[in-house]
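Data block below; observations after.
Counting starts at 1 for both ligands and their atoms, in listed order. Any value given below was found using the heavy atoms of this structure, including those in side chains, with hydrogens, waters and symmetry copies removed.
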Amino acid sequence: MTRQKIIIDTDPGQDDAVAILLALASPELDVLGITVVAGNVPLNWTLKNALKVCELAGKPDTRVYAGASRPMLRPLVTAEHVHGNTGLNGPELPEPTLQAQPQHAVDFLIDEIQRQPAGSVTLCTLGALTNIALALQRAPEIAPRIQQIVMMGGGFSEGGNITPAAEFNIYVDPHAAHIVFSSGIPLVVMPLDVTHQVLTTRKRLDAIAALGTPVAKATVEMLEFFERFDEEKYGSDGGPLHDPCVIAYLLQPGLFKGRHCNVAIEIHSELTMGMTVVDWWGVTDRQNNATVMREVDADGFFSLLTARLETL
Ligand code: BDR
Ligand code: CA
């Protein structure tokens, strides 16, 4: 089996944690490294959380790199109100013994993309795009070597979740998002329109709990903590499992349906800062730069996730 080489850029976050578990559980994927960025909580927490999740998965060989502690131009905005003060509230996970690599995440991204065969590496971005934009700024020659970026970010008809117009990951570093969306790298986007359909209902969490493993227990504890915010906000049964959609797409792209179109990032207006302006109907002459997903087979997604978690 040829394994798809990926680098996961992330700000864990319970849903990031489940995405990492899904990737580490999947033999089709070769996780070259995990690069960490500030976002849901400050970098010291997101880094520690990434290390904890690799240990929980029983994959202590995973290389984890600390990246940007703040966005390119704007002050850091965090989301403790969603994820808790540690970013990973819910389970009691031991302090990690695994250490971060000494290299900075941005240097790792540049070196690794240059080291691997051109067109062989997919970037999976689950947080603000700061690390990726800094790498592209410093070494623009890596852009054509990247196979694709599959990202969780943005919202279209669903609107925003951190402001009425903006989704959190894009809002945290809109200038970085602007660089990435202008880079010419093939982009696949999982916006809120998709992720809000992937809900952690009781039945789905019970199916994970029934696996009876430490990973399953910790996953359910994370998601029970995480879902309370969105359940209260939207009145939904369960919370949206945003970031694992990125990994699920690599494993089973047929779970998702979308359209290739233009996406531009708002970086001027304070009112709509970080909005993903999606030209779904092709009403501009702006060049298509992203495949934006809008539909998902949520039951298929949870079958895949549950089956893979069972292997950890
Ligand atoms: C995104 O923001 C973060 O809180 C989640 O981890 C996800 O990446 C959803 O808007
Ligand atoms: Ca995230």
What atoms of ligand 1 come within less than 4.0 Å of a heavy atom belonging to [X]?
{"X": "Met152", "result": "1 (C), 7 (C), 8 (O), 9 (C)"}
{"X": "Asp16", "result": "6 (O)"}
{"X": "His83", "result": "3 (C), 4 (O), 6 (O)"}
{"X": "Asn161", "result": "9 (C), 10 (O)"}
{"X": "Asp15", "result": "5 (C), 6 (O), 7 (C), 8 (O)"}

### Task
Kindly determine whether His104 and Tyr65 satisfy ring-ring contact (aromatic ring centres under 6.0 Å, His included), including the steps that lead there.
CA-CA 6 Å; His104 190 280; Tyr65 300 82; 9.6 Å; no

To the nearest 0.1 Å, how far is [atom] from its closest protein heavy atom, and which atom is that?
{"atom": "atom 9 (C) of ligand 1", "answer": "Glu167 OE2, 3.2 Å"}
{"atom": "atom 8 (O) of ligand 1", "answer": "Asp243 OD1, 2.7 Å"}
{"atom": "atom 4 (O) of ligand 1", "answer": "Asn40 OD1, 2.6 Å"}

### For Arg286, all residues meeting salt bridge (Lys or Arg N to Asp or Glu O under 4.0 Å), sequence neighbours excluded
none

Atom [atom1] of [X]: over 12 foreign heavy atoms under 6.0 Å:
{"X": "Asp285", "atom1": "CG", "result": "no"}
{"X": "His268", "atom1": "NE2", "result": "no"}
{"X": "Glu141", "atom1": "CD", "result": "yes"}

Which donor-acceptor pairs under 3.5 Å do the side chains of residues 175-186 make with protein atoms, sequence neighbours left out?
{"from": "Ser182", "atom 1": "OG", "to": "His178", "atom 2": "O", "distance (Å)": "2.6"}
{"from": "Ser183", "atom 1": "OG", "to": "Val180", "atom 2": "O", "distance (Å)": "2.7"}
{"from": "Ser183", "atom 1": "OG", "to": "Ile185", "atom 2": "N", "distance (Å)": "3.2"}

### Query
So is Val82 close enough to ligand 1, meaning a heavy atom under 4.0 angstrom away?
no

### Task
Determine, stepwise, if the pair Asp237 / Lys203 fulfils salt bridge (Lys or Arg N to Asp or Glu O under 4.0 Å).
CA-CA 10 Å; Asp237 177 10; Lys203 198 167 154 229; over 6 Å; no

### Query
Should His242 be counted as touching ligand 1, given the test is an N or O pair under 3.5 Å?
no

### Query
Do ligand 1 and Leu192 have nitrogen or oxygen atoms that lie under 3.5 Å from each other?
no

Check [X] against [Y] and note the closest heavy-atom contact, atom names and distance.
{"X": "Ala50", "Y": "Val36", "result": "CB-CG2, 3.8 Å"}
{"X": "Val37", "Y": "Leu43", "result": "C-CD1, 3.8 Å"}
{"X": "Leu126", "Y": "Asn169", "result": "O-ND2, 3.3 Å"}

### Task
Sort by chain and number the protein N/O/S atoms that are closer than 3.0 Å to the Ca ion (ligand 2), and list them.
Asp11 OD1, Asp16 OD1, Asp16 OD2, Leu126 O, Asp243 OD2

Hey, can you pull the donor-acceptor pairs under 3.5 Å for the side chains in residues 249-260, sequence neighbours left out?
{"from": "Arg259", "atom 1": "NH1", "to": "Trp280", "atom 2": "O", "distance (Å)": "2.7"}
{"from": "His260", "atom 1": "ND1", "to": "Ala290", "atom 2": "O", "distance (Å)": "3.2"}
{"from": "His260", "atom 1": "ND1", "to": "Thr291", "atom 2": "OG1", "distance (Å)": "3.2"}

